[in-house]
Amino acid sequence: MSIQTKNETWLILGASSSLARAFAAEVAGQGHDVILAGRDQDDMAATATDLTARFDIKATPTAFDAMRMEQHPTFAAAIDAMAAGTLNIFLVFAQMPEQDDIDADPTLVVPTVTATYSGAVSVLHCLAPLLEQRQAGHVVIVGSVAGDRGRIKNYVYGSAKAGLHAYAQGLRARLFKSGIGVTTVKPGFLDTAMTWDAEGMFLVSSPQAAAADINKAVTKGKDVIYTPRFWWVIMTIIKHIPEAIMKKLAF
Ligand SMILES: NC(=O)c1ccc[n+]([C@@H]2O[C@H](COP(=O)([O-])OP(=O)(O)OC[C@H]3O[C@@H](n4cnc5c(N)ncnc54)[C@H](OP(=O)(O)O)[C@@H]3O)[C@@H](O)[C@H]2O)c1
């Protein structure tokens, strides 16, 4: 299921991230149109110009804010009007302040959880009926290995990603009935703006490599992937650490 054909449209939610730009280039390279949705209009306009010039596809920037949930129904209606044929969705936005910063300023909890979880669920719930009406499409939801186990260094953001993973499981079961695939992506550490000043990074991968992995997973109709794949092994070990030990660890 969910094998891509030419001339589809990919809606990229959070289009100013480097993973988004890399994935947009992957699908544009296959001849698909893209709608670049996000907050940074200059960044998205530059990406649109670049993709149009390189791949001769239609790239349309559009304003989207995950936190403005009251606008999501109108946003979904605008996307419905904009996207002809098969509509695919790549949901990539999130916010990850350092855990120490959140602990020092608990008002950071709500934007972190809202941008990473509630905003994602809100917009996906507005867009899901469009895919069901079209009886086609594919949804990619970018989660994180951080959602696999709560850790002292990252548990507010991690809990939002854990919720997103659970939502993706339910959405997958719902959209399966309409022949639509949902791929949950769990990246390990990526070399992006989100992690530029983060401490304790190891086995860091490029957004371009992750985007290629994700595109391959979409073509194969995968339900869940880790990128790079070895993170499945790492997280399987981490998930099995007993709580009595986990609570004493500093990572
Ligand atoms: N980097 C890693 O090591 C890593 C690891 C695992 C998973 N991930 C996941 O990979 C995805 C891409 O992250 P990244 O590393 O490329 O980080 P990033 O550059 O910080 O990208 C985050 C994106 O989310 C957007 N965003 C934040 N709040 C938003 C809002 N309210 N409305 C709309 N867009 C909003 C940002 O847009 P603005 O430009 O407007 O701020 C930005 O484009 C995220 O889902 C992240 O959780 C990353």
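Below, each value reflects all heavy atoms present in this structure, side chains not excepted, and no hydrogens, waters or symmetry copies.
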Exercise for the section: List the atom of P73, the atom of C126, and the distance in Å for their closest heavy-atom pair. Expected result: N-SG, 3.7 Å
Practice task
Please confirm whether the backbone N or O of V156 pairs with a side-chain atom of S159, one donor and one acceptor, at under 3.5 Å?
Solution key: yes
Completion exercise
Tightest non-hydrogen contact, residues L19 and A210, listed as CD1-CB, 3.8 Å
Problem - Main-chain N/O of T183 paired with R172 side-chain donor or acceptor, under 3.5 Å - result: no
Practice task
Let me know which of V182, L11, L127, L91 forms a side chain to side chain contact (heavy atoms under 4.5 Å, CB included) with V139.
Solution key: V182
Handout entry: Joint cluster assignment, F230 & I241, ILVMFWY side-chain distance < 4.5 Å
Key = yes
Problem - Side chain proximity check, R134 to T86, heavy atoms < 4.5 angstrom - result: no
Practice task
Check whether any side-chain heavy atom of Y157 sits under 4.5 Å from a side-chain heavy atom of I102, and report yes or no.
Solution key: no
Practice task
Any side chain to side chain donor-acceptor pair (under 3.5 Å) involving residues 238-250? Give me the pairs, sequence neighbours left out, ordered by first then second residue.
Solution key: R149-E243
Handout entry: Heavy-atom side-chain contact between R151 and M246 under 4.5 Å
Key = yes
Practice task
Check V145 against M235 and note the closest heavy-atom contact, atom names and distance.
Solution key: O-CE, 3.4 Å
Practice task
Consider only side-chain heavy atoms of I, L, V, M, F, W and Y, link residues closer than 4.5 Å, and tell whether V110 and V123 are in one cluster.
Solution key: no
Handout entry: Salt-bridge present (E70, R68; N to O < 4.0 Å)
Key = yes
Problem - Any donor-acceptor N/O pair, H32 side chain to E8 backbone, under 3.5 Å - result: yes
Handout entry: Separation of H138 NE2 from L175 CG (nearest 0.5 Å)
Key = 10.0 Å
Problem - H165 atom NE2: more than 12 heavy-atom contacts under 6.0 Å - result: yes
Problem - Nearest-0.5 Å distance that lies between atom CD1 in I89 and atom CD1 in I141 - result: 8.5 Å
Problem - Atom CG of D101: over 12 foreign heavy atoms under 6.0 Å - result: yes
Handout entry: Under 3.5 Å: donor-acceptor pair, side chain of D33, backbone of T9
Key = no
Practice task
Could you tell me the separation between the CZ atom of F93 and the CG atom of L13, rounded to the nearest 0.5 Å?
Solution key: 6.0 Å
Practice task
Decide whether V224 and I237 are clustered together by the hydrophobic rule: side chain heavy atoms of Ile, Leu, Val, Met, Phe, Trp, Tyr closer than 4.5 Å, transitively.
Solution key: no
Problem - Intermediate values then yes/no, side chain to side chain contact (heavy atoms under 4.5 Å, CB included), Y226 and V233 - result: CA-CA 9 Å; Y226 286 81; V233 178; over 6 Å; no
Fill in the blank from the handout: Between the CG atom in L171 and the NE2 atom in H125, the distance rounded to the nearest 0.5 Å is 8.0 Å
Handout entry: Check: F23 and V92 side chains under 4.5 Å, non-hydrogen atoms
Key = no
Exercise for the section: List in chain and number order the residues that pass side chain to side chain donor-acceptor pair (under 3.5 Å) with K222, two or more places apart in sequence or in another chain; answer none if no residue qualifies. Expected result: none
Problem - Distance-minimising heavy-atom pair for F64 and A37 - result: CB-CB, 3.7 Å
Exercise for the section: To the nearest 0.5 angstrom, please state how far the OH atom of Y167 sits from the OG1 atom of T184. Expected result: 11.5 Å
Problem - For H72, side chain to side chain donor-acceptor pair (under 3.5 Å) partners two or more places apart - result: S122
Problem - Nearest heavy-atom neighbours spanning I79 and L87 - result: CG2-CD2, 3.9 Å
Problem - Step-by-step side chain to side chain contact (heavy atoms under 4.5 Å, CB included) determination, I238 to F251 - result: CA-CA 11 Å; I238 290 177; F251 73 96; 4.0 Å; yes
Problem - Under-4.0 Å salt bridge between D43 and R21 - result: yes
Problem - Flag if over 12 foreign heavy atoms under 6.0 Å of CD1, I152 - result: no
Problem - Heavy-atom closest pair, residues L190 and S206 - result: CD2-O, 4.2 Å
Practice task
Would you check if the side chain of T227 reaches a backbone N or O of P187 as a donor-acceptor pair within less than 3.5 Å?
Solution key: no
Exercise for the section: Look at the side chain of R39 and the backbone N and O of D65, then say whether any donor-acceptor pair between them is shorter than 3.5 Å. Expected result: no
Problem - Test item: I214 and F90 side chains (from C-beta on) under 4.5 Å apart, heavy atoms - result: yes
Exercise for the section: Treat each ILVMFWY residue as a node, draw an edge where side-chain heavy atoms are under 4.5 Å apart, and state whether M82 and L130 are in one component. Expected result: yes
Handout entry: Path from L108 to Y155 over hydrophobic side-chain contacts below 4.5 Å
Key = yes
Handout entry: M44 CE to T62 OG1 distance, which is reported to the nearest 0.5 Å
Key = 7.0 Å
Exercise for the section: Kindly indicate whether the side chain of V218, heavy atoms from C-beta on, has any atom under 4.5 Å from the side chain of V27. Expected result: no
